[in-house]
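Notes follow the structure.
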Amino acid sequence: MDQIVDEITAVLLPQLQEKSFSFFGHSFGSLTSFATALRLKEKYGLEPVHMFVSGASAPHSKSRSTSTKRSELSDEEFLKWMSTTGGTPAEILENKEAVQLFLPSLKADLRVVENYVYDKPASPPLSCGLTCFDGTEDIPHDLHAWKELTSGDFNIHMLPGGHFYLKDPNNEKSLVTHITKYLEAAEVDYF
């Protein structure tokens, strides 16, 4: 995770020093955006005006340490699990050549997530607002634990669907509307 955060920070730092910013991360991206926000605050005194996290328990949540390490599953078991998450089209999962190309990368990404450890802080390390999104049909995530990471506004929004609920056009519209409202209120330039 440190290497990923170093690379993200090196690329984004010049822009982030010049204007307000926020982060959105889904699943692995939630943990990556948190780790990046933490690094930016500790090392450069920069903090997002708001963080939007989705589809993940807070990094210090006990629920993360008790979950199955899916990166250690056999390739066959891993592909079976992948087919249940709904994020990868069946045509790709059934294509042996495609699977051989992306399986090592997927397992490596998952290993980063599974091995990322962040201890519960004595006090919130961030002061920005934090919004959690999740799918009502996804495995339960410890969203309330994210509140322990910020002294700013905190809220949770559940949308219909599983882990990849955000791929549904209605949910995508809801996400964009909600995030845009926050960014406009904070006067953040966005694309």
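Worth saying up front: this structure is predicted, and the values here are computed from it rather than measured.
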Heavy-atom pair of closest approach, residues Met1 and Tyr116 |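 Nearest pair, atom of Met1 first, then Tyr116: CG-CD1, 3.7 Å.
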For the student: nearest non-hydrogen atoms of Ile4 and Thr32, plus distance |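 Closest heavy-atom pair between Ile4 and Thr32: CG2-CG2, 3.8 Å.
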Under the salt bridge (charged side-chain N to carboxylate O under 4.0 Å, His left out) test, which residues partner Lys167, sequence neighbours left out?
->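 By the salt bridge (charged side-chain N to carboxylate O under 4.0 Å, His left out) rule, Lys167 matches no residue at all.
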Is [X] atom [atom1] crowded by more than 12 heavy atoms from other residues, nucleotides or ligands, each under 6.0 Å away?
| X | atom1 | value |
| --- | --- | --- |
| Gln15 | CD | yes |
| Asp6 | CG | yes |
| His157 | NE2 | yes |

Answer yes or no: is there a donor N or O on one side and an acceptor on the other, between the side chain of [X] and the main chain of [Y], under 3.5 Å?
| X | Y | value |
| --- | --- | --- |
| Trp146 | Ala56 | yes |
| Thr180 | Val176 | yes |
| Thr150 | Lys147 | no |
| Arg39 | Tyr44 | no |
| Lys120 | Glu148 | no |
| Asp134 | Met158 | no |
| Glu47 | Ala37 | no |
| Ser151 | Pro124 | no |
| Ser27 | Gly29 | no |

So [Y] and [X], do their side chains get closer than 4.5 Å, heavy atoms only?
| X | Y | answer |
| --- | --- | --- |
| Ile139 | His163 | no |
| Asp168 | Pro160 | no |
| Cys128 | Met51 | yes |
| Lys41 | Leu126 | yes |
| Asn155 | Cys132 | no |
| Trp81 | Leu110 | yes |
| Phe24 | Leu166 | yes |
| Leu159 | Asn170 | no |

Examine Phe78 and Val113 and state if one hydrophobic cluster contains both, with Ile, Leu, Val, Met, Phe, Trp and Tyr joined whenever side-chain heavy atoms are less than 4.5 Å apart.
->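 Phe78 and Val113: separate clusters.
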In terms of hydrophobic clustering (I, L, V, M, F, W, Y; side-chain heavy atoms under 4.5 Å; direct or indirect links), are Leu103 and Phe28 co-clustered?
->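 Cluster IDs for Leu103 and Phe28 differ.
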Counting only pairs under 3.5 Å, give me each side-chain donor-acceptor contact of residues 92-102, with atom names and distances, residues two or more places apart or in other chains.
| from | atom 1 | to | atom 2 | distance (Å) |
| --- | --- | --- | --- | --- |
| Asn95 | OD1 | Glu97 | N | 3.0 |
| Asn95 | OD1 | Ala98 | N | 3.0 |

I would like to know whether Asp142 and Lys62 meet salt bridge (charged side-chain N to carboxylate O under 4.0 Å, His left out); could you show each step before the answer?
-> CA-CA 9 Å; Asp142 187 359; Lys62 288 186 186 344; over 6 Å; no
For the rings on Phe34 and Tyr118, is their centre-to-centre separation under 6.0 Å?
->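 When the ring centroids of Phe34 and Tyr118 are compared, they turn out to be within the sub-6.0 Å range.
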Glu114/Arg70 salt bridge by N-O under 4.0 Å criterion =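 Result for this pair is no, no salt bridge flagged.
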Distance (rounded to the nearest 0.5 Å) between Phe133 CZ and His26 NE2 |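 Reported value, rounded in 0.5 Å steps: 12.0 Å.
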Might you work through the side-chain contact (heavy atoms from CB on, under 4.5 Å) test for Ser54 and Tyr165, ending with a clear yes or no?
-> CA-CA 10 Å; Ser54 170; Tyr165 72 92; 2.5 Å; yes
